[in-house]
K.L.:
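Please see the structure below; I have some questions.
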Amino acid sequence: AEILKVQNLSRHYTLNGTTIKALDEVTLGLEEGRILGVVGESGSGKSTLAKLVMALDRPTSGEVRLDGDNLFDLSPRQLRAARRNFQMVFQDPYSSLDPRQTVEKIIAEPLHLDPDAPKGRARRDRVGELLEDVGLSAADVSRYPHEFSGGQRQRIAIARALITKPRLLVADEATSALDLTVQKQILELILKLRAEHGISVLFITHNIGVVDEICDEVAVMQHGRLVETGPARAVLDSP
Ligand code: ADP
Ligand code: ADP
């Protein structure tokens with residue numbers, strides 16, 4: 001089944017009387033357990049798409065269906081409940097990790113609206129398990145972000161995204177700021193998470209090479225439009 005369905009999605013901005021079609025009638029689908037790469041040059045509309053899929057912005061027209069529900073038809077309360085099922089990982093893990101908080105607090109943060117969330121010792125154990133899941137150590141719970149390398153911080157950001165057991169992960173240039181070796185390690189981690197938890201991934205990047213490494217399908221964006229979509233090999237080999 002399709003976990004994500006984007007239907008005729010448009011987002012226009014008006015600047016000084018000129019309309020910019022940041023996103024122009026984009027339609028795409030992501031099957032459960034698959035990794036879909038969205039590639040395109042800077043300014044092609046990738047971030048605009050990511051924000052709409054995460055319901056951080058509203059479209060000019062069109063729909064984003066998660067498990068069949070159009071996000072933009074949900075009440076604030078329904079949206080909060082739906083949010084547990086999809087999480088986002090950004091390019092710069094440092095700016096999104098609060099330097100004054102321990103790793104435990106940072107990773108547990110998405111649970112703050114959940115009345116049934118584990119507390120105390122149970123929370124610490126849950127965060128410790130997640131740290132091991134992403135290749136860090138359970139003992140890291142009481143450390144601070146600045147004590148970690150860039151790649152380790154991205155692992156912390158991924159652990160935070162995983163704490164609500166999401167079924168869809170939206171990665172917006174999640175490996176772009178990392179050097180090649182670390183990039184590969186993070187891609188391997190994403191593949192492991194897919195294998196172990198069946199998590200679906202929308203992987204947004206300007207880097208075609210990365211898409212080749214992990215994506216099942218690829219959607220190519222240009223000037224706000226989807227210009228090509230298909231199996232990664234076929235799209236990458238096409239002229
Ligand atoms: P990408 O992520 O592929 O670099 P974006 O989605 O950030 O592309 O941007 C797509 C287009 O929309 C660009 O032309 C950009 O300048 C424009 N744009 C994005 N956000 C805004 C905004 N808040 N106001 C006006 N124009 C915007
Ligand atoms: P861009 O690629 O357009 O420069 P960014 O990747 O910096 O955009 O951010 C994309 C959007 O996500 C922005 O609107 C920003 O406010 C929002 N954002 C960035 N970090 C977080 C975060 N940790 N939690 C929620 N929203 C965030």
Side-chain angles (χ1 to χ4, degrees), residues 3-30 34-66 70-72 79 83 86-97 150 153-154 157-158 160-161 166 168-180 182-183 186-187 190 200-230 232 235-236 238-239:
I3 181 158
L4 172 70
K5 180 82 193 160
V6 170
Q7 195 79 47
N8 299 108
L9 194 66
S10 295
R11 176 66 166 98
H12 299 174
Y13 293 107
T14 306
L15 278 179
N16 308 321
T18 311
T19 300
I20 299 165
K21 294 182 175 178
L23 216 59
D24 188 11
E25 297 283 328
V26 167
T27 294
L28 57 82
L30 171 57
R34 307 280 284 176
I35 302 181
L36 171 65
V38 175
V39 293
E41 289 174 10
S42 180
S44 59
K46 304 183 300 296
S47 290
T48 303
L49 175 66
K51 275 181 239 179
L52 289 168
V53 167
M54 294 302 298
L56 297 170
D57 183 20
R58 292 189 70 84
T60 305
S61 59
E63 294 178 343
V64 173
R65 292 191 174 273
L66 270 159
N70 180 14
L71 288 182
F72 308 109
L79 187 60
R83 271 192 190 285
F86 52 105
Q87 293 282 356
M88 191 154 178
V89 179
F90 296 95
Q91 169 159 12
D92 180 357
Y94 201 52
S95 66
S96 67
L97 303 182
R153 288 200 290 261
Q154 195 56 290
I158 291 170
R160 176 176 59 189
L168 172 67
L169 198 63
V170 177
D172 188 1
E173 303 284 1
T175 61
S176 303
L178 306 171
D179 66 48
L180 272 180
V182 181
Q183 220 175 69
I186 297 292
L187 296 178
I190 290 174
S200 315
V201 184
L202 188 66
F203 197 93
I204 297 171
T205 181
H206 67 280
N207 185 341
I208 285 266
V210 166
V211 164
D212 193 24
E213 299 259 342
I214 66 163
C215 297
D216 304 307
E217 276 119 328
V218 177
V220 183
M221 300 214 33
Q222 232 173 56
H223 307 302
R225 305 192 69 121
L226 210 80
V227 292
E228 199 176 355
T229 135
V235 170
L236 295 175
S238 75

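FYI, side chains are in, hydrogens and waters are out, and symmetry mates aren't considered; it's all heavy atoms of this structure. Remember, it's 1-based here, ligands and their atoms both numbered in the order they're listed.
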K.L.:
Tell me the closest heavy-atom pair linking Leu23 and Gly45, and the distance in Å.
P.N.:
CD1-O, 3.6 Å

K.L.:
List every atom of ligand 1 that sits less than 4.0 Å from any heavy atom of Glu41, numbering the atoms from 1 in the order shown and giving each element.
P.N.:
3 (O)

K.L.:
Run the side-chain hydrogen bond (donor to acceptor under 3.5 Å, both in side chains) test against Glu63 and tell me which residues pass, sequence neighbours left out.
P.N.:
Arg65

K.L.:
Under 4.0 Å, heavy atoms only, figure out whether ligand 1 is touched by the backbone of Met221, its side chain, both or neither.
P.N.:
neither

K.L.:
Thr48 heavy atoms, cut-off 4.0 Å: which ligand 1 atoms fall inside?
P.N.:
5 (P), 6 (O), 9 (O)

K.L.:
Between Asp57 and Arg11, does at least one N-O distance fall below 4.0 Å, as a salt bridge requires?
P.N.:
yes

K.L.:
Tell me whether Arg225 is salt-bridged to Glu25, with the criterion being a basic N under 4.0 Å from an acidic carboxylate O.
P.N.:
no

K.L.:
Hey, does Ser44 sit under 4.0 Å from ligand 1 if you only count heavy atoms?
P.N.:
yes

K.L.:
Please list, chain by chain and in numerical order, all residues satisfying side-chain hydrogen bond (donor to acceptor under 3.5 Å, both in side chains) with Ser176, sequence neighbours excluded.
P.N.:
Glu173

K.L.:
Taking the minimum heavy-atom distance to atom 13 (C) of ligand 1, which of Ala22, Gly43, Ser42 ranks first?
P.N.:
Gly43

K.L.:
With a 4.5 Å cut-off on side-chain heavy atoms, are Val220 and Val235 touching?
P.N.:
yes

K.L.:
Taking only heavy atoms of Ser47 into account, list the atoms of ligand 1 that are under 4.0 Å away from them.
P.N.:
1 (P), 2 (O), 6 (O), 7 (O)

K.L.:
Would you check whether Gly45 has a nitrogen or oxygen atom less than 3.5 angstrom from a nitrogen or oxygen atom of ligand 1?
P.N.:
yes

K.L.:
With only distance considered, is Leu15 within less than 3.5 Å of ligand 1 through an N or O on each side?
P.N.:
no

